[in-house]
2 protein chains.
Amino acid sequence: MTDRYHHGDLRRALIDAAVEAVGEAGPSALSLRAVAKKAGVSHAAPAHHFGDKAGLLTAVAAEGFGRLADTLEAAWDATGDFTAVGAAYVRFAIDRRPYFEVMFRPELVHADDPDLQRAASRSAAALHRGSGESDGGEFNAAALAAWSLAHGFAELLVAGNFPQAVKNDPEAAFRAVGRATGLGSDHSSG
Amino acid sequence: MTDRYHHGDLRRALIDAAVEAVGEAGPSALSLRAVAKKAGVSHAAPAHHFGDKAGLLTAVAAEGFGRLADTLEAAWDATGDFTAVGAAYVRFAIDRRPYFEVMFRPELVHADDPDLQRAASRSAAALHRGSGESDGGEFNAAALAAWSLAHGFAELLVAGNFPQAVKNDPEAAFRAVGRATGLGSDHSSG
DNA sequence: CACCCGTCTTGACAGTGTCAAGTTATATCG
DNA sequence: CGATATAACTTGACACTGTCAAGACGGGTG
């Protein structure tokens, strides 16, 4: 299997290894050589598939945005309530933390990558759906508020800035936060 | 001046150089050797004052939290309105972006540093002041909401995830967001 | 003046990302 | 079936990184 010269699906294996490595020590401590060793290939193999380190992280981020979009769309379809979508956002940040830690760091990835941008737009759209539709004009304040609230909560949570009571049950805390702002339920109730 | 063996206030100079370097290429691209060169000292000088790279970034983060706390307290004293405090938070993320990029990255700093924790608590308290007082119990949903909203907006903004209309006048956009949530301004609007 | 000790330098080490050139296996074509 | 083109991967090298040990310097105190 792994001792073949042609790996079979090395790209897939490298992304998995990268996600695992990020989960262990964070994205800034990521070493291409360690990832290569984890996948059982030589130290320069990743460059062949991803160009450079940022290329690998770009693939990770794109995959993360795709997964997040799936999660948010499912939450919306199931409940039709923004607070539930936001809670799913928070849960994603916890459960898929390695992805989350890469997705919003433009300095670590190739921010202009088409796949990445496409996937990011998908998850942004999924979140907006839960907070009112966009007016044709400048921007939609409710959508910005929804995204900011969910994202800020998730970031502060995984960065360890919240008290223990919140860490114990983050989703419950976020539902309380969602209620405090009255963002999702006043227009879509019925 | 700089050609003396004893620098005078090298610690100060190194922090300034680090902030400048972070502003140019982000915290993950920061090089201790480049910082040392910028300050006109040898490559190992920073280690003497800060122990290691994380130590230097810890000092930057602590200073950033101190500055942020000052900013938020001033905004609250001047207006008594949460939306204004949140807007000050957003403005800080823009104006002092190098600090902001380090402050919420526990993997880059010594998160258990006492100075850092003290400064972080100060700014958290300043932000809470603008969103209602803490109940003695578990946590305060309004305070969490306020912090999450301001922080998420700031993060998404500096990460480039917002449309151009928002980037053009971020503070105005945030005020709209603050109004959409009705967090602090329903009593003081005029 | 002599000493001490904090400040900073020098030199070395293993580890990093990236590039160029070479090697191996798969696929295509005669 | 055998030759060959091509993609996948390896090997080796380069400049650069953070960190550590040892040494050089110089201001402050006796």
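A, B, ... follow the sequence lines: proteins, then strands. Residue 1 opens every chain.
Within residues 46-62 of chain A, the residues approaching DNA chain C are D52(A), K53(A), by heavy-atom distance under 4.0 Å. Within residues 12-30 of chain B, no residue places a heavy atom under 4.0 Å from DNA chain C.
H43(B) has its NE2 atom 11 Å from the P atom of dA12(C), to the nearest Å. Rounded to an integer number of Å, the gap from NZ of K37(A) to C1' of dC9(D) is 17 Å. Separating the CG atom of L10(B) from the P atom of dG26(D) is a distance of 16 Å, rounded to the nearest angstrom. D9(A) places its CG atom 18 Å from the P atom of dA7(D), with the value rounded to the nearest Å.
The base of dG17(C) sits within donor-acceptor range of the side chain of R33(A), with an N or O pair under 3.5 Å.
Once rounded to the nearest 0.5 Å, the distance linking CG of L57(B) with CZ of R105(B) reads 11.5 Å. Going from atom NE2 of H128(B) over to atom CG of L144(B) covers 6.5 Å, rounded to the nearest 0.5 Å.
For the residue pair Q117(A) and D113(A), no side-chain donor N or O sits within less than 3.5 Å of a side-chain acceptor on the partner.
Picking from dC19(C), dG17(C), dG18(D) the nucleotide with the shortest atom distance to the side chain of S31(B) gives dG18(D). The listed nucleotides are dT10(C), dT18(C), dT10(D); the one nearest the side chain of V41(A) is dT10(D). Listed candidates were dG18(D), dT18(C), dC20(D). Nearest to the side chain of L32(B) is dG18(D). Closest approach to the A45(B) side chain among dT17(D), dT9(C), dC20(D) is made by dT9(C) (side chain taken as heavy atoms from C-beta onward).
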Apply side chain to side chain contact (heavy atoms under 4.5 Å, CB included) to the pair V60(B) and V22(B), showing each step before the final yes or no. CA-CA 10 Å; V60(B) 171; V22(B) 169; 5.8 Å; no
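Between F174(A) and Y89(A), the distance separating the two ring centers is not shorter than 6.0 angstrom. If you look at F104(B) and H151(B), their ring centroids are closer than 6.0 Å. Taking the ring centroids of F65(B) and F92(B), they lie at or beyond the 6.0 Å cut-off.
Remark: E101(B) does not engage R96(B) in a salt bridge, criterion side-chain N to carboxylate O under 4.0 Å. Electrostatic pairing of D70(A) and R67(A) does not count as a salt bridge here, judged by no charged N lying under 4.0 Å from a carboxylate O.
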